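Data first, discussion second: the structure below is written as structure tokens.
For reference, positions follow the sequence shown, starting with 1. We count ligands from 1, going down the list as the structure has it; atoms in each ligand are counted the same way. If you're wondering where the values come from, they're calculated on a predicted model, not measured in any experiment. What's counted below: heavy atoms across the whole structure, side chains too, no hydrogens, waters or symmetry copies.
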Amino acid sequence: MNTQNFVHWIDHPLVQHKLTLMRKKDASTNSFRTLLNELSMLMAYEVTRDMEVSYVTIETPLETMQAPTIDGKKLAIISILRAGTGILDGMLKIVPGARVGHVGLYRDPNTLESVEYFFKVPQNMSERNAIVVDPMLATGNSAVAAITRIKQTHPKSIKFMCLLACPEGIANMREAHPDVHIYTAAIDRQLNEHGYILPGLGDAGDRIFGTK
Ligand code: URA
């Protein structure tokens, strides 16, 4: 698969080291959550790299200058429930002015279609750049459905950020949303028959919230 330009692998050693610690099956809930927080901050730095800056006049102790500034509220970070919530804190530490949205979807057991049970995003999305977050891009079905729904609000741009992706999820996203770039800390080998990423890190939601 040609992932050039469309998938951004964040290969910084700090990101890779923390991801390794998170993957270990004996990582406690507390350390998993703390590491996710730290990783989200580091990844936020990369995913916002092309953020627009404007210039303001400021006084340093020595003289007046035109200095760059960002408008954090132009960013809408949209969490796919429930595991995406684990990424929010870290990102908001880096861009505290960002607005936040949530999308909740479940899979109908009969039709296997994604059904929306919650959708709340900031107003005036057409003035904002959206970053959709979910730790795992597995089948890609929830990310695809969430982004389809978010597109109805017409954000200026959409990026997708996850910790782990796999070829199946990337292909699904590529086909459905070729305009959406993916930012990930790793591209793992494959999905198993239960839809888990291998080698992966298990169920991200359970590991964040300690529900198993
Ligand atoms: N969701 C998870 O939490 N883990 C996986 O491996 C796949 C989907």
Side-chain angles (χ1 to χ4, degrees), residues 1 3 7-10 15-40 42-43 47 77-91 101-109 111-119 131-150 159-177 180-212:
M1 187 188 342
T3 56
V7 179
H8 304 258
W9 175 41
I10 301 175
V15 168
Q16 296 304 312
H17 175 75
K18 288 178 194 295
L19 180 58
T20 298
L21 298 178
M22 290 180 77
R23 287 182 189 270
K24 290 184 179 178
K25 66 179 181 190
D26 52 3
S28 69
T29 300
N30 184 26
S31 71
F32 189 90
R33 205 184 286 143
T34 303
L35 287 161
L36 179 57
N37 211 281
E38 293 168 356
L39 254 175
S40 306
L42 296 170
M43 292 181 74
V47 80
I77 305 170
I78 306 195
S79 152
I80 301 181
L81 298 172
R82 74 181 159 144
T85 315
I87 294 181
L88 283 178
D89 266 6
M91 292 203 66
H102 294 90
V103 184
L105 304 159
Y106 71 90
R107 195 153 74 136
D108 183 298
T111 64
L112 303 184
E113 296 283 319
S114 282
V115 182
E116 180 183 307
Y117 65 87
F118 190 79
F119 187 80
I131 301 177
V132 182
V133 297
D134 192 351
M136 312 297 274
L137 182 65
T139 62
N141 291 341
S142 347
V144 164
I147 290 170
T148 301
R149 179 66 179 87
I150 291 162
K159 291 176 179 173
F160 180 80
M161 187 180 117
C162 59
L163 291 189
L164 294 189
C166 63
E168 295 87 337
I170 291 173
N172 193 359
M173 277 281 278
R174 179 72 173 148
E175 184 165 347
H177 297 297
V180 175
H181 286 218
I182 297 170
Y183 291 76
T184 184
I187 303 174
D188 274 11
R189 192 178 69 245
Q190 67 182 95
L191 279 186
N192 72 9
E193 64 278 21
H194 304 293
Y196 280 90
I197 294 177
L198 297 176
L201 50 70
D203 187 300
D206 282 337
R207 298 203 65 191
I208 295 165
F209 300 112
T211 39
K212 213 174 214 171

Can you tell me which residue pairs pass the ring pair (Phe, Tyr, Trp, His ring centres under 6.0 Å) test with a partner in residues 183-208, sequence neighbours excluded?
->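 Listed once each, the pairs are His8-Tyr183.
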Report, in ascending order of atom number, the atoms of ligand 1 lying under 4.0 Å from any heavy atom of [X].
X	result
Gly202	2 (C), 3 (O), 4 (N), 5 (C), 6 (O)
Gly195	7 (C), 8 (C)
Ala138	7 (C), 8 (C)
Tyr196	4 (N), 5 (C), 6 (O), 7 (C)

Modelled atom types, side-chain donor and acceptor of Arg82 and Thr211, under 3.5 Å |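 Indeed, the side chains of Arg82 and Thr211 share at least one donor-acceptor pair under 3.5 Å.
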For Thr148 and His177, does a side-chain donor sit closer than 3.5 Å to a side-chain acceptor?
->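 A donor-acceptor contact under 3.5 Å links the two side chains.
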How many angstroms lie between [atom1] in [X] and [atom2] in [Y], if you round to the nearest 0.5 Å?
X	Y	atom1	atom2	result
Leu198	Leu191	CG	CG	7.5 Å
Met161	Ser79	CE	OG	11.0 Å
Ile150	Ile80	CD1	CD1	6.5 Å

Close N or O approach (Ile197, ligand 1; < 3.5 Å) =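 So ligand 1 has an N or O lying under 3.5 Å from an N or O of Ile197.
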So is Gly205 polar-close to ligand 1, meaning N/O to N/O under 3.5 Å?
->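 Between Gly205 and ligand 1 (N or O atoms, distance only) the closest approach is not under 3.5 Å.
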Taking heavy atoms and a distance under 4.0 Å, where does Ala204 meet ligand 1: side chain, backbone, both or neither?
->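 Both backbone and side chain of Ala204 come within 4.0 Å of ligand 1.
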